[in-house]
Amino acid sequence: MNYKKSYCMLVTGIWSGVVMIFIGGCLEIRCGVAMIGNAIAVIGLMLMAGGIVQALIFYKCPNCGKRFNIRGRQPKFCPECGCELE
Ligand SMILES: [Zn+2]
């Protein structure tokens, strides 16, 4: 696992999580199928949490191991050691 893959999984996890929570919410409110809506929303939450947790572990500088800010954009240079990131 490298930081690029990790960042990709973070973004994918959060977005698919948001979409699933949204769909789950719609099902629950509009269609009255609370069980299914809840289940989908919970899976969405888990996807989001999974994306964030793996990013906390793997989203870091390949050179010095400094963790990047997962809320910002992917940096061009490591803020700690200044090594260039693609
Ligand atoms: Zn670094």
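Remember, it's 1-based here, ligands and their atoms both numbered in the order they're listed. Because only heavy atoms are used, hydrogens play no part in the values below, and waters and symmetry mates are left out as well, while side chains stay in.
- The number of protein N, O or S atoms lying under 2.8 Å from the Zn ion (ligand 1) is 4.
- Not one N or O on the side chain of S6 forms a donor-acceptor pair closer than 3.5 Å with the backbone of N2.
- L10 belongs to a hydrophobic cluster with Y3, Y7, V11, I14, W15, V18, I21, L45, M48, I52, L56, Y59, F68, I70, L85, counting contacts under 4.5 Å between side-chain heavy atoms of Ile, Leu, Val, Met, Phe, Trp and Tyr, direct or through other members.
- Listed here is the closest heavy atom pair of M20 and G44: CB-CA, 3.8 Å.
- In this structure the side chain of C78 reaches within 4.5 angstrom of the side chain of C64, judged on heavy atoms.
- Between the side chain of E28 and the backbone N or O of M35 there is no donor-acceptor pair closer than 3.5 Å.
- Minimum heavy-atom separation, K60 to R67: CB-CA, 3.8 Å.
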